[in-house]
2 protein chains.
Amino acid sequence: MMKTKSARSLHGHVVQELGQRIVGGKLRPGDLLPREERLAEHMEVSRTALREAMKVLSAKGLVESRPKVGTRVREPRFWHQLDADVLAWRCASMPTEDFVQKLLEMREIIEPAAAASAARHCNAEQLERLEMAFAAMENAANLDEWAEADLDFHEAVLTATNNELLVSLFSVIETALGTFFVLSARTAKNFKYSLPHHQKVLEAIRRRQPEAARRTMQRMVADSRSNMNRQSRGSGKG
Amino acid sequence: MMKTKSARSLHGHVVQELGQRIVGGKLRPGDLLPREERLAEHMEVSRTALREAMKVLSAKGLVESRPKVGTRVREPRFWHQLDADVLAWRCASMPTEDFVQKLLEMREIIEPAAAASAARHCNAEQLERLEMAFAAMENAANLDEWAEADLDFHEAVLTATNNELLVSLFSVIETALGTFFVLSARTAKNFKYSLPHHQKVLEAIRRRQPEAARRTMQRMVADSRSNMNRQSRGSGKG
DNA sequence: TCCTTTTTATTTGTCATACAAGAAGGTTAT
DNA sequence: ATAACCTTCTTGTATGACAAATAAAAAGGA
């Protein structure tokens, strides 16, 4: 689920390890990490590799280092919550119901607005990509193919806004769709339901109808929400 | 304008320097950087410090390093556009008109939705912070105090949603308000105009009226836009 | 006794050097 | 012509040493 490839390099591995521990709550805000020498020894890497990892975690707002005092875990309000890694770490050990609701709220804010913007600003090439993604959903042979094409469709909508700031929010949409895919009943029926929505969104964008695009996308996300709520009531997530 | 404090440490300085050059376009996507040894020499730091800087830039999606081939500048679509540093670097050498419009679009999407969400979810403490910020705007002795209180107000709205993902978008709002403050006519009159809007937003949130909060915030951002457009037509930005 | 100044100890920050690992491009053998 | 093998260049990692910063303790003065 959601590979972050950076586990090849040593310092990348340390980033993953510590990042997951911090976001996952095993290391708590205010906690003082062991000093670099010891921590490096404990992680079985050199101080050099450890420090490079620390700089990355620091760039993500997870830790803060100061001479003499050491490196401590920062409070969640400083974390770069929209960072793809931070989002992934948050989902690593099963996302809380609360977090899922926040992801859905983000989708409900971003995606309808993006669809409307796409209807206004998209160009021919971007429209074609949307159509390709939709076609891929129609022709999907299995659920995994379907999910991949769906992701592509949503990314294509964001891209079609021609606003790279909006495109950068794809990490959030991706995470939301990922948890949706994991948490909801993985039957073809549940998914194919939303295909008509996709088609209407595509149509509205093609016809340059921002408000229609917005409304349809709104319904699509709302359906996700109700589908999810039904699911989680059924299986009782915490 | 918009301090990023990390210029104290050496590697922090390198991050700033290279980040600014990349985002500012002096180093272009696909460009191959000099190899670490030479670059370190050229920047007058050790290879160690340079590499720590590189890891940070890599974490922001600006560069990509591979053995034997070297480190090259990535294409803008990979940049973490919502990162506070990236946004700041983008504004460093006078933001383009195009970028300002994208910032405004983000505000128009995020802030009304956040105001509505705040009206639904905010607690007593968060409401108090909103009221404090508003009071600070009323009592501002000069434009700088006003701008600071205004920023605080907008951050308080995001915080009041109780959705940390939304709060993380404050870097965007901050940048938008910053450029607005720089580009628009810096007269008391232009600013005091929006105070009634702030009051109405505050009232709507206090009274738990999501739709009223949304509409009022929408008007507030729209006013910013028209104010700005008027301004840029006048002085002809490109 | 209380406050200010100085010292000290500890941790991160930086440096220099050496070697390992990976990969592109050319070389050789089949 | 193709495939396997080298060469070589660059990043990746390790190590040891020292500089800089600063929190905490010690010393000095009112």
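Treat the numbers as computed from the prediction; the structure is a model and nothing was measured. Proteins come first, then strands; the chains are lettered A, B, ... in the order of their sequence lines, and each starts at number 1.
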**Request:** Using a heavy-atom cut-off of under 4.0 Å over every strand shown, decide if Arg66(A) touches base, sugar-phosphate, or nothing.
**Result:** sugar-phosphate
**Prompt:** Hey, is Glu125(B) close enough to Arg129(B) for a salt bridge, meaning N to O under 4.0 Å?
**Reply:** no
**Item:** Residues Glu105(A) and Gln101(A): side-chain donor-acceptor under 3.5 angstrom
**Value:** no
**Side-chain donor-acceptor pair present, Gln16(B), Gln20(B), cut-off under 3.5 Å** =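 There is no such pair (donor and acceptor under 3.5 Å, judged by atom type) between the side chains of Gln16(B) and Gln20(B).
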Starting from [atom2] on [N], measure out to [atom1] on [X] and report it in whole angstrom.
X        : N       : atom1 : atom2 : answer
Glu41(B) : dC15(C) : CD    : P     : 13 Å
Met54(A) : dT12(C) : CE    : P     : 8 Å
Arg47(A) : dG13(C) : CZ    : P     : 8 Å
Arg38(A) : dT12(C) : CZ    : P     : 11 Å
Lys68(A) : dT14(C) : NZ    : P     : 19 Å
Glu52(A) : dT12(C) : CD    : P     : 16 Å
Glu36(A) : dT10(C) : CD    : P     : 17 Å
Glu64(B) : dG22(C) : CD    : P     : 17 Å

**Asked** His198(B) and Asp150(B): side-chain hydrogen bond (donor to acceptor under 3.5 Å, both in side chains), yes or no, with the steps?
**Response** CA-CA 9 Å; His198(B) 288 77; Asp150(B) 186 33; 2.8 Å; yes
**Asked** Of the non-hydrogen atoms in Arg107(A) and Leu177(A), which two are nearest, and what is the gap between them?
**Response** NH1-CD2, 3.4 Å
**Request:** Taking all non-hydrogen atoms of both residues into account, name the closest pair between Pro29(B) and Arg74(B) and its distance.
**Result:**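 Nearest heavy atoms, Pro29(B) then Arg74(B): CB-O, 3.7 Å.
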**Leading and trailing nucleotides of DNA chain D with any atom under 4.0 Å from heavy atoms of chain B** =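 Under 4.0 Å from chain B, the extent on DNA chain D is dT8(D) to dT13(D).
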**Message:** On DNA chain D, compare the nucleotides closest to Arg35(B) and Val69(A); which residue's is nearer the 5' end?
**Reply:** Arg35(B)
